[in-house]
Undergrad: 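Sharing a structure with you now.
The structure displayed is predicted, hence computed values, not measured ones. A, B, ... follow the sequence lines: proteins, then strands. Residue 1 opens every chain.
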Amino acid sequence: MNLFLFDSVKKEKIEFIPINEGEATIYVCGPTVYDDAHLGHARSALSFDMLKRTLKALGLKVTLAKNFTDIDDKIINKLQSSGKTLEELTQYYINRYLEDMEALGVERADIEPKATESIEAIESMVEKLLQSGYAYKIDNGDIYFDTSKDSKYGSISHMVTDDEQNVSRVEPNEQKRNPKDFALWKACKEEDICFDSKAGKGRPGWHIECSAMIAKHFKGSKDYCIDIHCGGADLLFPHHENEAAQTRCALNKEIAKYWMHNGFVQIDGEKMSKSLGNSFFLKDALKVYDGELLRYYLISVHYRNDFNFNEEDLQSAKKRLDKLYRLKKRLYGGKTGAANKEFKEALLKAMADDLNSSKAMAIVDEMITSANEKLDKEPKNKALKQEILGNIAFVNELLGIGKKDAIEWFQQGVSEEEKTKIEELIVKRSEAKKLKDFATADAIRDELKQMGIAIMDMPDGTKWEKL
RNA sequence: GGCGCCAUAGCCAAGUGGCUAAGGCAGGAGCCUGCAAAGCUCUGAUCCCCGGUUCGAAUCCGGGUGGCGCCUCCA
């Protein structure tokens, strides 16, 4: 089975043919670490986590790099009020980011480069561009990339180059040769954080980091540095256009063979962003909702579409995910066998079709229904039970869903004391039921309901769930 | 001003030229149950509007209407 993906530069769905057979190299543009991660970061991380899982399930050896931009204007601004060192501040947010991503079940990247640890690679690329005439230095020491020197500039985002009609909102800089030229290196100003380099004291521009880090960590081929370059849709221009230009001019090859961009998370129909003041931090969502539930909800929409986040849909996602855990609970303690071959193929095929997670989830739902139906008919079929658990294990492998303990899943937020009380009430109710004292039994059920507990009488006893 | 994305049942959401338009939530009917819950079965849309291409379109093209985004830091 082969992977088909939508290349956001070619704008069509094409077959993924890796540079090196059996291997896939991926670079995901990671966060600038000056604040906590929000739902948008989660969407991006989850999209390409699914990409990685799918490629692995297809049998490829995957190397995924995700960078941390740990030096830029916003970080420096934050630093001034914090009294911390750059390292302290950025490491704090890197750890926070990793914690949040772990809660969402995002696998750690194989390579996690930081801009500040890649200064040499950046310096060498800037130097190369300067020497070959693709870059120029202005009076204050800043170094700019000359976009007019790259004949392919614009080929990534299809944005017109410096058209008079294309009114840019970028503040004009007298010394820039073309409006779209961008800074490769920002010269040191007073009280700035600076790095020494051949080009003078200063710090790297945002775009050069990724190009340099990719060049540093991936060998690639003579045509491409890596297989797939990923990021949010907002990075297509100018970030990825600029990355591509730098790499093309410095290394004489394209930075990536394929490009993938994930859609936005919107709140009430608008892009979530700092400037709009409608950011939704993951840490706040994680206080209220389980990380796996957030994952499930966020991947229920195809990664390229915009995602409109709201609580009602999240609740409906919860009910849907609960069904998977009820099935798992039904098979509690059983052995996990091999997954059903047809199911496995169908699920993988959905994901191999440009990560169609919506379709994959529909296939999971159908598996759940079919499994419950079969279990109703043959409650003691061990082979069946093992296969279903195998199916659930494969769902977890591919989608990162369903790995938690099924009993605990329904007891989230219930203290040990409460659990003891619930168990006691259930015993009392069972006794009342035996005596056909249904009034008492129902009263106990109401009492449990008051506590937020739902009960269900199963063939092997009464089970309960936190509502 | 330039470039681009989207519009499918009450809600969420797949499907991008051809069997009866996936799946979920909500709703309705039934089975099961002491009654419930859970589970299972049945039940709903001709795809924003207009025009065109085609034997055939939700799917392609043109024109509307509405929503969103990039062109400034942004996932």
Undergrad: Is any side-chain N or O of A/Arg445 under 3.5 Å from a base N or O of B/rA36, one able to act as donor and the other as acceptor?
TA: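 Yes.
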Undergrad: Give none if B/rG56 has no partner; otherwise give the nucleotide forming a Watson-Crick or G-U wobble pair with it, both distances under 3.5 Å.
TA: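 Base partner found: none.
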Undergrad: Which part of the nucleic acid, if any, lies within reach of A/Phe237 when heavy atoms closer than 4.0 Å are counted: base, sugar-phosphate only, or nothing?
TA: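 Sugar-phosphate contact only.
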Undergrad: Rounded off to whole Å, could you give me the CZ-to-C1' distance for the A/Arg330 and B/rC32 pair?
TA: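 From A/Arg330 CZ to B/rC32 C1': 12 Å.
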Undergrad: Need the pair for B/rU16. Rule: Watson-Crick or G-U wobble, both distances under 3.5 Å, any strand; none if unpaired.
TA: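 Checking every strand shown, B/rU16 finds no partner, since no pair has both distances under 3.5 Å.
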Undergrad: Rounded to whole angstrom, note down the C1' distance from B/rG62 over to B/rA57.
TA: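 Rounded to whole Å, the distance is 15 Å.
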Undergrad: Send over the distance from A/Asp322 CG to B/rG24 P, rounded to a whole Å.
TA: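 So the CG-P distance, A/Asp322 to B/rG24, works out to 15 Å.
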Undergrad: Establish, with yes or no, whether the OP1 or OP2 oxygen of B/rA26 is under 4.0 angstrom from a side-chain nitrogen or oxygen of A/Lys319.
TA: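 Indeed, a polar side-chain atom of A/Lys319 lies that close.
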Undergrad: Atom CH2 of A/Trp409 and atom C1' of B/rA38: how far apart are they, to the nearest Å?
TA: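 Going from A/Trp409 (CH2) to B/rA38 (C1'), I get 17 Å.
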Undergrad: Starting at CG of A/Asn262 and ending at C1' of B/rC68, how long is that distance when rounded to a whole Å?
TA: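 For the pair A/Asn262 CG and B/rC68 C1', the rounded distance is 15 Å.
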Undergrad: How many Å lie between NZ on A/Lys377 and C1' on B/rU41, as a whole number?
TA: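 One finds 11 Å between C1' of B/rU41 and NZ of A/Lys377, rounded.
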Undergrad: Under 4.0 Å between any heavy atoms, over every strand shown, what does A/Val265 touch: base, sugar-phosphate, or nothing? Just pick one.
TA: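 Base contact.
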Undergrad: Which whole-number value in Å describes the distance from A/Ile299 CD1 to B/rG23 C1'?
TA: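 Spelled out: CD1 on A/Ile299 to C1' on B/rG23 is 14 Å.
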Undergrad: Check this for me: A/Glu15, atom CD, are more than 12 non-hydrogen atoms of other residues, nucleotides or ligands nearer than 6.0 Å?
TA: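 Yes - once you tally the heavy atoms of other residues, nucleotides and ligands closer than 6.0 Å, there are more than 12.
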Undergrad: Less than 2.5 angstrom apart at the SG atoms, yes or no, for A/Cys188 and A/Cys194?
TA: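 Taking the criterion (SG atoms under 2.5 Å apart), A/Cys194 and A/Cys188 satisfy it, so yes.
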Undergrad: Side chain of A/Asp353, backbone of A/Asn356: donor and acceptor closer than 3.5 Å?
TA: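 No, A/Asp353 side chain to A/Asn356 backbone: no donor-acceptor pair under 3.5 Å.
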Undergrad: Can you work out whether A/Met458 or A/Thr69 has the more 5'-proximal nearest nucleotide on RNA chain B?
TA: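 This one resolves to A/Met458.
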Undergrad: For A/Gln266, report the nucleic acid contact type (base, sugar-phosphate, nothing); a contact means any heavy atom under 4.0 Å.
TA: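 Answer is sugar-phosphate: A/Gln266 comes under 4.0 Å of backbone atoms only.
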Undergrad: Considering every strand and a 4.0 Å limit on heavy-atom distances, what is the contact class for A/Ile455: base, sugar-phosphate, or nothing?
TA: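 Base: the residue A/Ile455, judged by heavy atoms under 4.0 Å, touches a nucleobase.
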Undergrad: Are more than 12 heavy atoms from other residues, nucleotides or ligands located less than 6.0 Å from atom NZ of A/Lys421?
TA: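 12 or below, so no.
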Undergrad: Just the rounded figure in Å: distance from P of B/rA37 to NZ of A/Lys329.
TA: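 Spelled out: NZ on A/Lys329 to P on B/rA37 is 16 Å.
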Undergrad: Relative to the 5' end of RNA chain B, which residue comes earlier, A/Asp365 or A/Gly231, by the nucleotide with the nearest heavy atom?
TA: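 Counting from the 5' end, the first nearest nucleotide belongs to A/Asp365.
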Undergrad: Is the closest side-chain heavy-atom distance between A/Tyr303 and A/Asp354 below 4.5 Å?
TA: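 Side chain of A/Tyr303 against side chain of A/Asp354, heavy atoms only: contact under 4.5 Å found.
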Undergrad: Which whole number of Å gives the distance between the C1' atom of B/rC61 and that of B/rG17?
TA: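 The answer is 13 Å between these two C1' atoms.
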Undergrad: Does B/rG1 have a Watson-Crick or wobble mate here (both distances under 3.5 Å), and if so which one?
TA: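 Partner of B/rG1: B/rC71.
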Undergrad: Searching all strands shown, indicate the nucleotide that pairs with B/rU41 (Watson-Crick or G-U wobble; both distances under 3.5 Å).
TA: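 Partner of B/rU41: B/rA29.
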Undergrad: Applying a 4.0 Å non-hydrogen cut-off, can you work out what A/Lys433 is touching in the nucleic acid: base, sugar-phosphate, or nothing?
TA: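 The residue A/Lys433 makes base contact.
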Undergrad: Does A/Glu102, at its CD atom, have more than 12 non-hydrogen atoms belonging to other residues, nucleotides or ligands within less than 6.0 Å?
TA: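 No, not enclosed.
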Undergrad: Under 4.0 Å, heavy atoms only, any strand: does A/Gly232 hit a base, just the sugar-phosphate, or nothing?
TA: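 Sugar-phosphate, no base atom in range.
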Undergrad: I'd like to know if A/Asp70 and A/Lys114 make a salt bridge, using a cut-off of under 4.0 Å between side-chain N and carboxylate O.
TA: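 Here A/Asp70 does not pair with A/Lys114 in a salt bridge, since their nearest N and O are not under 4.0 Å apart.
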Undergrad: With both distances under 3.5 Å as the test, what is the Watson-Crick or G-U wobble partner of B/rA7?
TA: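 Base-paired to B/rU65.
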Undergrad: A/Thr369 near the nucleic acid: base, sugar-phosphate alone, or nothing, with a heavy-atom cut-off under 4.0 Å?
TA: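 The answer is sugar-phosphate, as A/Thr369 gets under 4.0 Å only of primed atoms, P, OP1 or OP2.
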Undergrad: With a 6.0 Å cut-off (strictly less than), is the heavy-atom count around NZ of A/Lys344, excluding the residue itself, greater than 12?
TA: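 Atom NZ in A/Lys344 is not packed in, count stays at 12 or less.
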Undergrad: To the nearest Å, how far apart are A/Met367 CE and B/rA22 C1'?
TA: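 The distance from CE of A/Met367 to C1' of B/rA22 comes to 16 Å, rounded to the nearest Å.
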Undergrad: How does protein reach along nucleotides 4-17 of chain B, written 5' to 3' as B (base within reach of a heavy atom under 4.0 Å), S (only sugar-phosphate), or - (no contact)?
TA: S------SSSSS--
Undergrad: For A/Glu465, answer base if it contacts any base atom (sugar-phosphate contacts may also be present), sugar-phosphate if it contacts only those atoms, and nothing otherwise; contact means non-hydrogen atoms under 4.0 Å.
TA: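 No contact.
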Undergrad: Would the number of heavy atoms belonging to other residues, nucleotides or ligands and lying under 6.0 Å from NZ of A/Lys419 be above 12?
TA: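 Atom NZ in A/Lys419 is crowded, with more than 12 foreign heavy atoms closer than 6.0 Å.
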